[in-house]
Number of protein chains: 2
Amino acid sequence: MPVTIYDIAREAHVGIGTVSRVFNNRPNVSDDTRIRILAIAEKMHYQPHASAQALARKHAYTLSVVMPFFTNYFSIEVLKGMQDTLAETGYDILLHGVNNTEQVDDFLLRGMKKGRVDGMIFVSMALSDKHTRQILEHKIPVVLLDTYRPEFDSIRVKNYEGAFHATQHLIRLGHTRIGMINASMRSFPAQERCRGFKDALQESGHEFSDRCIVSSDNDKQDGFNKNAGYNAMKELLERGMPRPTAVFVSSDVQAIGVLSAMEERGLRAPGDIAVVSYDDIELAKHFHLTTMHQPMYEMGELAIRKIIHRIQFPAEPPALESFTPALVIRETCGGNKEYSQFDDAQVQTT
Amino acid sequence: MPVTIYDIAREAHVGIGTVSRVFNNRPNVSDDTRIRILAIAEKMHYQPHASAQALARKHAYTLSVVMPFFTNYFSIEVLKGMQDTLAETGYDILLHGVNNTEQVDDFLLRGMKKGRVDGMIFVSMALSDKHTRQILEHKIPVVLLDTYRPEFDSIRVKNYEGAFHATQHLIRLGHTRIGMINASMRSFPAQERCRGFKDALQESGHEFSDRCIVSSDNDKQDGFNKNAGYNAMKELLERGMPRPTAVFVSSDVQAIGVLSAMEERGLRAPGDIAVVSYDDIELAKHFHLTTMHQPMYEMGELAIRKIIHRIQFPAEPPALESFTPALVIRETCGGNKEYSQFDDAQVQTT
DNA sequence: CTGAAAGCGCTAACAT
DNA sequence: ATGTTAGCGCTTTCAG
């Protein structure tokens, strides 16, 4: 029923080889026959068969992107960067949104199924040893985004440094009782940001107690959501210790929740409690959040370039590339507003 | 290099047919050999080859989802509904984010490439006659989501009715000078919502002038973004006509921008200007927006079920399924708050 | 420059 | 119950 190269070969009185050559832009076809074949193909509405090509070429031109469920801006921006880059390449992506860890197994299986995809990109998820081993065994090209594993190409933003910087900013502003609202510690970025926070405090000789940190245990999006921020802030305020004068929040979405919780008690930022958060999502500007800007779109772009490179050169040693987040100063923790680069914000790239 | 059914057949001293049967859970294989084959496959890390299967089965278990760039909540929620449903089915989706109309051609081509996908879902985009013809010619199963074409299965929300209802709400609240902030008229939903708005006004005998409507011409996301709302509201306020006492905004994201623009001039909702918007995204609650709730997640779910059904029964006549949006009353346009269903909101289903 | 033929890895119909 | 064989539609030698 569907038209194949055989059909058009017969029609054009040539061999299928010649037809194939034409469609693959190979040399060694006379302009004459090339044109004739193209015309016939057009007339017959010929479409090459993707699976057949993939089988013969041993190349599916498909990538799998596995990410924790992409409801937050970070994932979306990353995805967007990927898509725009993809457009130029002829690759397509299979989107694999992960709700929980068991699903990773499933997607890993799908991705590793021979011939399905040429490579996989894992976003923001700590890969277990077991998964790592499986991937290595099957030799499927992988790049990690917003996570790290020495075995694979990794693209990270310096979460530790970013958190450190953000906290330092608070300290320089004169704050001494500083709390942190963190996402779920299952998340790799959350872990790193927590470390950065602690170290910044310790380095500057601040007293520090784990009671200052509230980690969300909200499953949804690893705790990177508004409600988690709201609840965590409420808890922090109720822990019955002297109220912090500043908090570092592990993401902007959470910070929005934090702001809500504060508002409920009549507290304002920065007056009562200064707030610094992380990500610089689109809405951050709207909430005047001072936050750490992450080059999400660019990371998505790079991930695609890297995976395609890796597919071409599987043997090269894995490389780590790091993006440094930049502090965007708006209004939620006071401070100056002299320079302006990102819209209404001042940026320091440390 | 990679292990195939031939390898495992040789190892197990059986024919490849038997091996194939085992992996396809077909009968007519003795438990004995079945177990033996499974064991050997396991040992050799056998993975079936997706492209080969697709070629032989004439079925790729892949869907293409084409949507205008998914940076807004609507798309994301829809996507999420799709993904969750997909998990049970064994299908994967190729995500095709469209930035502009020319790209549709590209993706259409990719989608129609034989064997690539078993079906396509188009979200929130008016399909041109040309595209429609192409799809029909290639007989590829299609379902439309948030658009309509008699030629295909369509899932819509009643945009017209929703807008009508929202506007009516404003009218019942006693408003007479009502404006509308619309997205780009290129977007189908925007067109429908505009019609609903106009008709509601006319039906109730309100004077109506096109000057009350500001349509965004912001390209990004067809004008469904915060900035577009901000700019449009600014323009409306500057048109030098008596200030409207209420506005209907074609989406929540835009409404957030509208609120900003108002705030800048010291105007508050609902006191100075009442605001009703559309979508009921997650953040709508945070902004206390009175808005039309759309069952986005459910629509995504249904789209998947429909396309899979359509793939199985290509001959059935196309069906239209409609979701009715519900008015969620919060605070941006006053009114009562007696009942509560969606969180803090009252819902009327008309 | 072009045709023929051998795969790519798997499914499915047909024998046995 | 199991082996054999013929495709699925395309790419890619290898002759000519």
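In what follows, every chain begins at residue 1, and chains take the letters A, B, ... in the order their sequences are listed.
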Name the closest nucleotide to the [X] side chain, picking from [options].
X	options	result
B/T33	D/dT2, C/dT2, C/dC8	D/dT2
A/T18	D/dT2, C/dG3, C/dG9	C/dG3
A/A56	C/dC10, D/dT11, C/dT2	D/dT11

Is [X] near enough to [N] that one of its side-chain N or O atoms lies under 4.0 angstrom from OP1 or OP2?
X	N	value
A/S51	D/dC10	no
B/K114	D/dC10	no
B/S20	C/dC10	no
B/N24	C/dT11	yes
B/K58	D/dG9	yes
A/R26	D/dT12	yes

Using a distance-only test with no angle check, is there a side-chain donor-acceptor pair under 3.5 angstrom linking [X] and [Y]?
X	Y	answer
A/E316	A/H309	yes
A/S187	A/S184	no
A/R156	A/T147	no

Return the value, rounded to whole Å, for the distance between atom [atom1] of [X] and atom [atom2] of [N].
X	N	atom1	atom2	answer
A/H59	D/dG9	NE2	P	23 Å
B/Q53	D/dC8	CD	C1'	13 Å
A/I5	C/dT2	CD1	P	16 Å
A/H13	C/dT2	NE2	C1'	15 Å
A/I16	C/dT2	CD1	P	15 Å
A/N25	D/dT11	CG	C1'	14 Å
B/R21	C/dA13	CZ	P	11 Å
A/L55	C/dA6	CG	C1'	13 Å

Taking every non-hydrogen atom, the tightest pair across A/L86 and A/D92: CD2-C, 4.5 Å
Which heavy atom in B/D7 sits nearest to a heavy atom in B/P2, and how many Å separate them? OD2-O, 3.7 Å
base_contact_polar (D/dC10 base, A/Y6 side chain, donor-acceptor, <3.5 Å): yes
What's [X] touching, base or sugar-phosphate or nothing? Going by heavy atoms closer than 4.0 Å.
X	value
A/V14	sugar-phosphate
A/R34	nothing
B/F23	nothing
B/P27	nothing

Test ring-ring contact (aromatic ring centres under 6.0 Å, His included) applied to A/F23 and A/Y46, step by step: CA-CA 11 Å; A/F23 283 101; A/Y46 168 74; 4.8 Å; yes
Assuming nearest nucleotide by heavy-atom distance, tell me which of A/D32 and B/R57 is located more 5' along DNA chain C. A/D32
